[in-house]
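Data first, discussion second: the structure below is written as structure tokens.
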Amino acid sequence: MYGVFDKRKGNKMKKVLTNVVSVILIASMGLSVSGCAGKIKPVAKKDFKKALEESFDIDDDDYTDYNGSDCDNVWYVEHDYYVEYYQFDDEDDAMDMFDEFYDRYEDMVDDKDFKGRHRSVVNDKKAYGYILLKGESDDDDFFDGDIYGGIYWVDDTIIIVLVSSDKDKYVDNITAMIRALGYPKP
């Protein structure tokens with residue numbers, strides 16, 4: 001009979017439509033996550049210092065700014081914070097430094113010396129990578145204790161934004177710094 005709605009066909013159609021929508025949503029989430037793993041942008045030294053000062057409510061007397069012969073370096077290592085900026089004259093030096101961090105990170109993960117969330121992305125061809133950590137490490141070669149933040153490499157620059165504490169205030173400052181740099185957070 002025309003115009004009569006068959007409930008069984010309606011339920012099947014609803015189920016098919018639900019499955020199609022689910023597949024589309026999963027695919028779009030996959031694309032958005034893979035987009036997050038895209039190349040991170042380099043940060044100029046002056047922009048790093050501005051983000052540092054604003055995120056931690058400090059001024060240039062509270063951190064060290066050093067211009068070396070092969071590397072410019074800014075660091076703020078206070079109150080369990082490890083916030084550092086290295087800009088090398090040679091991109092290979094930055095890659096070598098990141099490789100050292102990455103090897104220690106992989107050893108820690110392989111030895112199951114980390115509890116919590118971690119993620120890493122490395123693209124040698126496009127010269128970038130990062131390691132994100134949120135948890136507790138039991139590795140003397142990498143970090144020992146609570147750890148939150150990231151290690152970022154782009155071209156000739158390494159940026160370390162970590163805290164060895166799980167106190168909300170410290171984690172919030174690290175999150176603010178990472179956000180100010182435009183980098184992915186743990």
Side-chain angles (χ1 to χ4, degrees), residues 34-110 113-114 118-134 137 139-145 147-165 170-186:
S34 67
C36 292
K39 182 170 181 175
I40 56 177
K41 304 269 191 247
V43 173
K45 183 177 173 180
K46 66 180 172 79
D47 296 329
F48 176 84
K49 293 190 311 185
K50 180 179 177 186
L52 178 62
E53 291 172 9
E54 290 175 1
S55 300
F56 292 88
D57 193 27
I58 60 174
D59 60 30
D60 61 356
D61 292 336
D62 296 313
Y63 60 85
T64 302
D65 183 353
Y66 176 75
N67 296 319
S69 60
D70 61 348
C71 175
D72 284 348
N73 185 220
V74 175
W75 68 89
Y76 178 66
V77 181
E78 299 285 330
H79 311 292
D80 299 324
Y81 295 118
Y82 301 94
V83 181
E84 302 176 63
Y85 176 93
Y86 298 88
Q87 186 172 27
F88 294 91
D89 292 339
D90 185 350
E91 284 186 16
D92 289 339
D93 292 340
M95 186 173 74
D96 290 345
M97 183 179 193
F98 186 78
D99 283 343
E100 286 180 36
F101 280 117
Y102 195 78
D103 288 344
R104 290 181 195 165
Y105 161 75
E106 280 189 318
D107 288 344
M108 176 190 68
V109 171
D110 291 345
D113 287 337
F114 188 80
H118 61 88
R119 188 174 85 142
S120 63
V121 172
V122 178
N123 188 323
D124 291 332
K125 289 182 182 178
K126 294 187 178 180
Y128 77 94
Y130 52 87
I131 301 167
L132 307 177
L133 302 158
K134 179 181 183 180
S137 172
D139 187 312
D140 292 332
D141 292 328
F142 194 64
F143 286 97
D144 190 20
I147 193 75
Y148 177 83
I151 301 169
Y152 307 89
W153 159 54
V154 183
D155 302 329
D156 63 350
T157 305
I158 297 285
I159 294 178
I160 302 167
V161 185
L162 294 168
V163 64
S164 61
S165 172
Y170 292 169
V171 169
D172 290 347
N173 287 344
I174 291 295
T175 299
M177 178 76 181
I178 293 170
R179 203 174 278 138
L181 297 172
Y183 287 165
K185 59 185 179 64

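- How far CG of Asp89 is from CG of Asp72: 7.5 Å, rounded to the nearest 0.5 Å.
- Between Tyr105 and Phe142, the ring-plane angle classifies as tilted under the 30° and 60° cut-offs.
- Residue pairs satisfying the salt bridge (Lys or Arg N to Asp or Glu O under 4.0 Å) criterion with at least one member in residues 152-161, sequence neighbours excluded, are listed as follows: Lys39-Asp155.
- Among residue pairs with one or both ends in residues 46-60, those qualifying as salt bridge (Lys or Arg N to Asp or Glu O under 4.0 Å) are Lys49-Asp65; sequence neighbours excluded.
- Counting only heavy atoms from C-beta outward, the side chains of Ile40 and Tyr152 approach each other to under 4.5 Å.
- In this structure, OG on Ser164 lies 4.0 Å from CG on Asp80, to the nearest 0.5 angstrom.
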Carefully, step by step, assess Asn173 and Tyr81 under the rule side-chain contact (heavy atoms from CB on, under 4.5 Å).
CA-CA 9 Å; Asn173 287 344; Tyr81 295 118; 2.7 Å; yes
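- Residues Gly149 and Pro186 come closest through the heavy atom pair O-CG, 3.4 Å.
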List the steps and the verdict of side-chain contact (heavy atoms from CB on, under 4.5 Å) for Val74 and Thr64.
-> CA-CA 6 Å; Val74 175; Thr64 302; over 6 Å; no
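- The two residues Phe48 and Met177 have their closest heavy-atom pair at CE1-CE, 3.3 Å.
- Residues Leu133 and Ile131 form a side-chain contact, since some pair of their non-hydrogen atoms from C-beta on lies under 4.5 Å apart.
- Using a 4.5 Å heavy-atom threshold, the side chains of His118 and Lys134 count as separate.
- For Asp139 against Asp113, the heavy-atom pair with the smallest separation is OD2-OD2, 3.9 Å.
- Counting heavy atoms from C-beta on, the side chains of Val83 and Leu52 come closer than 4.5 Å.
- Partners of Tyr76 according to the side chain to side chain donor-acceptor pair (under 3.5 Å) rule, which considers only residues two or more places apart in sequence or in another chain, do not exist here.
- Between Pro184 and Leu132, the closest side-chain pair of non-hydrogen atoms falls below 4.5 Å.
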Step by step, would you call Lys41 with Val154 a side-chain contact (heavy atoms from CB on, under 4.5 Å)?
CA-CA 7 Å; Lys41 304 269 191 247; Val154 183; over 6 Å; no
What verdict does the side-chain contact (heavy atoms from CB on, under 4.5 Å) test give for Tyr170 and Thr175, after you've listed the backbone C-alpha separation in whole Å, the side-chain angles of each residue and the deciding distance to 0.1 Å?
CA-CA 9 Å; Tyr170 292 169; Thr175 299; over 6 Å; no
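- The nearest pair of heavy atoms linking Ile151 to Phe98 is O-CE1, 3.8 Å.
- Between atom OH of residue Tyr82 and atom CG of residue Leu162 there is a gap of 9.0 Å, rounded to the nearest 0.5 Å.
- Remark: Asp103 CG to Asp141 CG distance equals 11.5 Å, nearest 0.5 Å.
- Proximity of Met108 to Ser137: side-chain heavy atoms (C-beta onward) are separated by under 4.5 Å at one or more points.
- The shortest non-hydrogen separation linking Ile158 to Ile160 is CG2-CG1, 4.1 Å.
- Within a 6.0 Å sphere centred on NZ of Lys45, heavy atoms belonging to other residues, nucleotides or ligands number more than 12.
- How far CD of Gln87 is from CG of Asp70: 12.0 Å, rounded to the nearest 0.5 Å.
- Residues Arg119 and Tyr130 have side chains in contact (heavy-atom distance under 4.5 Å, counting atoms from C-beta outward).
- The OG atom of Ser120 sits 7.0 Å away from the CD atom of Glu106 when rounded to the nearest 0.5 Å.
- Counting only heavy atoms from C-beta outward, the side chains of Thr157 and Tyr86 never approach each other to under 4.5 Å.
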